[in-house]
Asker: 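My questions will all concern the structure given below.
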Amino acid sequence: MTRPGLAERLRAAFLGDLEEQLATLNGALLALERDAKGAEPLNAVFRVMHTLKGAAQATDQQLVAAVCHHLEAMLVEARDGRLSLGAKEFSLLFASADALSDAARRLTANEVLDATTPLGALLARLEGAPEPAHEGVRAAPAMVAATVAAPVVTASGDSAVRVAADKLDALLSQVGRLLAARARIADHAGATASIGETVTGAHAAVRRLLSTYSAQMPAHVGDALRDVERSLRDASAAVGAVATHGIEDGRELADVGDAIAESVRRARMLPFASACESLPRLLRDVSTETGKPTRLVVNGGDVEADRPVLEALKDSLLHLVRNAIDHGVEPPAERAAGGKAPVATVTVRAALHGERLTVTVADDGAGLDIAAIRRRLAEQGKAVPESDDDVARSLFEAGFSTRAVATTISGRGVGLDAVEAAMLRVRGSVAVSWVAGEGTTFTLQCPLTLAAIRAVLVRSGTQLLALPTSNVEQLVRVRATDVRRAEGREVILTGDVPIPLVPLAAVLGAPFVAAPPSDIFPALVVSAGDRRVAFLVEAVETEQELVVRPIARGHSAMPHLSGGALLGSGQLALVLNPVSLVLQALGGRLGAGVTTSPRKRQRVLVADDSLTTRAVEQGVLEAAGYEVVTAVDGADAWRQLQESGADLVVSDIEMPNMDGLTLCRTIRASDRFANMPIVLVTSLDNPEARDRGLAAGADAYVGKASAGQAGLLGTVRELLA
């Protein structure tokens, strides 16, 4: 290998080490700040500096090595008891983490590290150069350091291999070609089988001809027909064998292609915790700056999603957590006057709902100040909506802020606007809800991956268009007589809810042209957050798995285009962004879904080891307006109950790990949940089982024969009334 090639490999390895060590550093610094005399966090910070110094010296990054050397010396003094770590030292250590992070960004962008960079300024500070004038360092609020909960990062094993994202993308592109070839082979096998049927039919016809007329025809004609009959028989057998092998090979190729596609997709996935690594440090800094003691809780860190999705979420979470502390959480005196805990809580939670990822950022602050938002809109000369929902949507407008003067934390009106833009890029949505005096919740929803999707293919003229199945609620056949008008637009009714009806071609614009009207036409009901639109399409072709190839950013000819996919036929399907389409069709913003209900949705925990039963019960309860979370057994239910609480528990009896009766007794024995309503739903619909359930503390007993009908829902409503 040439020296330039070796140098580039060493540089890439150093950047990988730097990224990993910085993630460890921030967590270790937070732990050390909580316990300045703790040997383990001090040693953890020291190990980071020592490791980075050696790696930097090996790759000739002398500025990084010099900074780490000075910090290493300072930590040795602290370890030996010759230096007490106080506010000044922690300010220096956290500034070092920031400067090293900036250095990593510059090195990744092939920029030069010199004395003019933050790392250079930090080295001058460490070497004793005069510091620029600044305000005194404010110590962290006393409770903050003790209550910050950092996501746990587990070290990978020796078998782990770091693979560049672009290599995985290239491999996934080849997988797309493999899947397209699989589809072509399936088509060819089908065509071959059809040819075989034709040959077999011809063979049978010649045999009938010989059987009926062989006595009347000349000998040479009979001999010729028998030769034809034998040839057709042999051809039929050969074509049949080819068709059979083709079908078998196609199935095997399909299995292999699916397995490879799934393996590549999994290789691109990262845990949600990786998007939260910067949050503890951010929370510490903002809490210190604002003087609001706050703790962070992260749930669902092991949920996995595609790297580009997590990158969008990472930036969004930074904005939302910063805003939660700066805007949502009250000052300590105000919290004390309201009877709240002195330390506020910001909870970040990730959960899977089918093929979509739902992330919530919730605080226990004062909720949205609608009056202040109205005043700010008026001050800026903007229209002030009548409804609180519409007022809250203005938070997502670019440049809007309730702050009259911008601070280093917020006030420039780019936070929520940036969140909206990030979600739109990954075909996601954002919504806000709040309860006055109790807190605010932002809900982000997006697909798990952008690379491989299951999509519904529709046709517009000669062009195939793909819409992700996760956003398609249903396909409806609409009669012209079913179309109504409401609030100046055409709508259709699904149940009792009117849904806007919009031709897909009208939203896409030229060169797409809406199909001529007909008596019956297909429409896809597409959702984005809690908004829905029925898109009128020319024809619905099929539903299939697609590998999406990205389209270069800035492509303005089709603003709703998010990629392309090569089909087995060789045709290119254009993959559309459903969120962008819905917003364009409604003329609204992404921040829809604002609710101002004075009471939160009641939360029901459903525990059953049967996936089907869980899905049925969840569907029934969610349709009735309840928030539903599910557990796979009693142990899982008890864990979730302790972590997140609930208003009612619905449980099966026969489950592994912890059965429903044990769960029931465990709940009744706890001080926190002793009075929580419990409904047992089971196939053991007999008096003895009913008596055991009620003796264990259940409030009601419903047989599975009635679950999903009036029995379960009526019981839940009665207990939660």
Asker: Looking at V478 and A523, what are the two nearest heavy atoms and their distance?
Answerer: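 V478 and A523 have their closest heavy atoms at CG2-CB, 4.2 Å.
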
Asker: Mind checking what makes side chain to side chain donor-acceptor pair (under 3.5 Å) contact with T469, not counting sequence neighbours?
Answerer: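 Only E543 meet the side chain to side chain donor-acceptor pair (under 3.5 Å) criterion with T469.
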
Asker: Looking at every non-hydrogen atom in both residues, tell me the closest pair between A305 and L357 and how far apart they are.
Answerer: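 Looking at all heavy atoms of both residues, the closest pair is CB-CD2, 4.0 Å.
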
Asker: Between OG of S460 and CG of L465, what distance do you get to the nearest 0.5 Å?
Answerer: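 Going from OG on S460 over to CG on L465, the span is 5.5 Å.
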
Asker: Can you pull the salt bridge (Lys or Arg N to Asp or Glu O under 4.0 Å) pairs that have at least one residue in residues 195-221, sequence neighbours excluded?
Answerer: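 Applying salt bridge (Lys or Arg N to Asp or Glu O under 4.0 Å) to every pair that reaches into residues 195-221, excluding sequence neighbours, yields nothing.
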
Asker: Considering all heavy atoms of both residues, which atom of A466 and which atom of L546 are nearest to each other, and what is their separation?
Answerer: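 Between these two residues, the closest heavy atoms are CB-CD1, 3.7 Å.
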
Asker: Please name all residues satisfying side-chain contact (heavy atoms from CB on, under 4.5 Å) with A573, sequence neighbours left out, ordered by chain then number.
Answerer: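 A573 satisfies side-chain contact (heavy atoms from CB on, under 4.5 Å) with L457, L464, L567 once adjacent residues are dropped.
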
Asker: When you look at T200 and S236, which way does the side chain to side chain donor-acceptor pair (under 3.5 Å) test go after all the steps?
Answerer: CA-CA 5 Å; T200 300; S236 176; 2.6 Å; yes

Asker: Could you pull out all residues at least two apart from L210 that satisfy side-chain contact (heavy atoms from CB on, under 4.5 Å)?
Answerer: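 side-chain contact (heavy atoms from CB on, under 4.5 Å) check on L210 returns V206, M217, L225, R226, E229.
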
Asker: Sequence neighbours excluded, which residues qualify as salt bridge (Lys or Arg N to Asp or Glu O under 4.0 Å) partners of D659?
Answerer: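 Applying salt bridge (Lys or Arg N to Asp or Glu O under 4.0 Å) to D659 gives none.
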
Asker: Less than 4.5 Å apart, side chain to side chain, heavy atoms only: is that true for L444 and S316?
Answerer: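 Of all side-chain heavy-atom pairs linking S316 with L444, at least one is under 4.5 Å.
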
Asker: How far does SG of C446 sit from CZ of R425, to the nearest 0.5 angstrom?
Answerer: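 Output value for this atom pair is 12.0 Å.
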
Asker: How would you list all residue pairs meeting salt bridge (Lys or Arg N to Asp or Glu O under 4.0 Å) that involve residues 443-453, not counting sequence neighbours?
Answerer: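 Applying salt bridge (Lys or Arg N to Asp or Glu O under 4.0 Å) to every pair that reaches into residues 443-453, excluding sequence neighbours, yields nothing.
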
Asker: Can you check whether P271's main-chain N or O pairs, donor with acceptor, with S274's side chain at less than 3.5 Å?
Answerer: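 Confirmed, S274 side chain pairs with P271 backbone.
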
Asker: Where the side chain of S231 meets the backbone of D227, is there a donor-acceptor pair that is under 3.5 Å apart?
Answerer: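 Flag set: sc S231 to bb D227 pair under 3.5 Å.
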
Asker: Is there a side-chain contact (heavy atoms from CB on, under 4.5 Å) between F272 and L310? Walk through the geometry before answering.
Answerer: CA-CA 7 Å; F272 175 71; L310 291 180; 4.2 Å; yes

Asker: Counting C-beta onward and ignoring hydrogens, is there a side-chain heavy-atom pair between V632 and D609 closer than 4.5 Å?
Answerer: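 Side-chain contact under 4.5 Å: no.
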
Asker: One pair to check against side-chain contact (heavy atoms from CB on, under 4.5 Å): R614 and T630. What are the steps and the verdict?
Answerer: CA-CA 7 Å; R614 288 199 306 271; T630 62; 4.0 Å; yes

Asker: Would you indicate whether the side-chain heavy atoms of V702 and L680 approach each other to under 4.5 Å?
Answerer: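 No, their side chains stay 4.5 Å or more apart.
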
Asker: Please examine the side chains of V649 and V679, heavy atoms only from C-beta on, and report whether any two atoms are closer than 4.5 Å.
Answerer: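 When only atoms from C-beta onward are counted, V649 and V679 do not touch, as no gap falls below 4.5 Å.
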
Asker: Any donor-acceptor pair under 3.5 Å linking the side chain of N577 with the backbone of S580?
Answerer: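 The answer is yes, because a donor-acceptor pair under 3.5 Å joins these two groups.
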
Asker: Identify the two heavy atoms, one from V716 and one from V650, that lie closest to each other, and give their separation to 0.1 Å.
Answerer: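 Looks like CG2-CG2, 4.2 Å.
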
Asker: Are the side chains of P468 and P578 in contact, using a 4.5 Å heavy-atom criterion?
Answerer: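 Yes - at least one pair of side-chain heavy atoms lies under 4.5 Å apart.
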
Asker: Where do R531 and L583 come nearest, in terms of heavy atoms and distance?
Answerer: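 Nearest pair, atom of R531 first, then L583: NH1-CD2, 4.2 Å.
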
Asker: Among V533, V502, N471, exactly one meets side chain to side chain contact (heavy atoms under 4.5 Å, CB included) together with V582. Which residue is that?
Answerer: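 Exactly one pass, corresponding to V533.
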
Asker: Using the test salt bridge (Lys or Arg N to Asp or Glu O under 4.0 Å), find all partners of R233 that sit at least two apart in sequence or belong to another chain.
Answerer: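 Applying salt bridge (Lys or Arg N to Asp or Glu O under 4.0 Å) to R233 gives none.
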
Asker: Identify which one of L536, V537, V476 satisfies the side chain to side chain contact (heavy atoms under 4.5 Å, CB included) criterion when paired with F521.
Answerer: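 By the side chain to side chain contact (heavy atoms under 4.5 Å, CB included) criterion, F521 pairs with just one of L536, V537, V476: L536.
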
Asker: What heavy-atom pair brings V239 and I195 nearest, and what distance separates the two atoms?
Answerer: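 For V239 and I195, the tightest heavy-atom pair comes out as CG1-C, 4.2 Å.
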
Asker: Please determine whether side-chain contact (heavy atoms from CB on, under 4.5 Å) holds for the pair L270 and E304, giving the CA-CA distance in whole Å, both sets of side-chain angles, and the decisive distance to 0.1 Å.
Answerer: CA-CA 5 Å; L270 294 173; E304 292 188 333; over 6 Å; no

Asker: Which residues satisfy the side-chain contact (heavy atoms from CB on, under 4.5 Å) test with Q640, sequence neighbours excluded?
Answerer: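 Counting only residues at least two positions away or on another chain, Q640 forms a side-chain contact (heavy atoms from CB on, under 4.5 Å) with L605, V629, A631, D636.
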
Asker: Calculate, to the nearest 0.5 Å, the distance between atoms CD1 and CD belonging to I499 and E490 respectively.
Answerer: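 Reported to 0.5 Å precision, the distance equals 14.5 Å.
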
Asker: Is a side-chain donor or acceptor of Q445 paired with a backbone partner of M423 at a separation under 3.5 angstrom?
Answerer: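 No, because the side chain of Q445 does not come within donor-acceptor range (under 3.5 Å) of the backbone of M423.
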
Asker: First locate atom OG of S610, then atom CD of E654, and finally report the distance between them rounded to the nearest 0.5 Å.
Answerer: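 Between atom OG of S610 and atom CD of E654 there are 13.5 Å.
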
Asker: Residues in side-chain contact (heavy atoms from CB on, under 4.5 Å) with A539, at least two apart?
Answerer: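 Checked A539 against side-chain contact (heavy atoms from CB on, under 4.5 Å); matches are R459, E541.
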
Asker: Would you say the side chain of I653 lies within less than 4.5 Å of the side chain of L661, judging by non-hydrogen atoms?
Answerer: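 Touching, per the 4.5 Å side-chain cut-off.
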
Asker: Please report the C-alpha distance between L448 and D306 in whole Å, then the side-chain angles of each, then the deciding distance to 0.1 Å, and finally whether the side-chain contact (heavy atoms from CB on, under 4.5 Å) criterion is met.
Answerer: CA-CA 6 Å; L448 282 178; D306 203 354; over 6 Å; no

Asker: If we only count heavy atoms from C-beta on, is the L501 to V483 side-chain gap below 4.5 Å?
Answerer: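 Touching, per the 4.5 Å side-chain cut-off.
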
Asker: Give every residue pair that meets the salt bridge (Lys or Arg N to Asp or Glu O under 4.0 Å) criterion with at least one member in residues 464-483, sequence neighbours excluded.
Answerer: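 Qualifying pairs: E473-R532.
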
Asker: In Å and rounded to the nearest 0.5 Å, what is the OG to CD distance from S429 to E420?
Answerer: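 Going from OG on S429 over to CD on E420, the span is 10.5 Å.
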
Asker: Any chance you could measure L581, atom CG, to Q584, atom CD, to the nearest 0.5 Å?
Answerer: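 L581 CG to Q584 CD: 8.5 Å, rounded to 0.5 Å.
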
Asker: Would you call R349 and V359 a side-chain contact if the rule is heavy atoms closer than 4.5 Å?
Answerer: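 No - every pair of side-chain heavy atoms lies 4.5 Å or more apart.
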
Asker: Apply salt bridge (Lys or Arg N to Asp or Glu O under 4.0 Å) to D633 and list each qualifying residue two or more places apart in sequence or on a separate chain.
Answerer: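 If we apply the salt bridge (Lys or Arg N to Asp or Glu O under 4.0 Å) test to D633, skipping adjacent residues, there are no hits.
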
Asker: Got a sec, which pairs hit salt bridge (Lys or Arg N to Asp or Glu O under 4.0 Å) with one end in residues 573-585, sequence neighbours left out?
Answerer: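 Those involving residues 573-585 do not exist here.
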
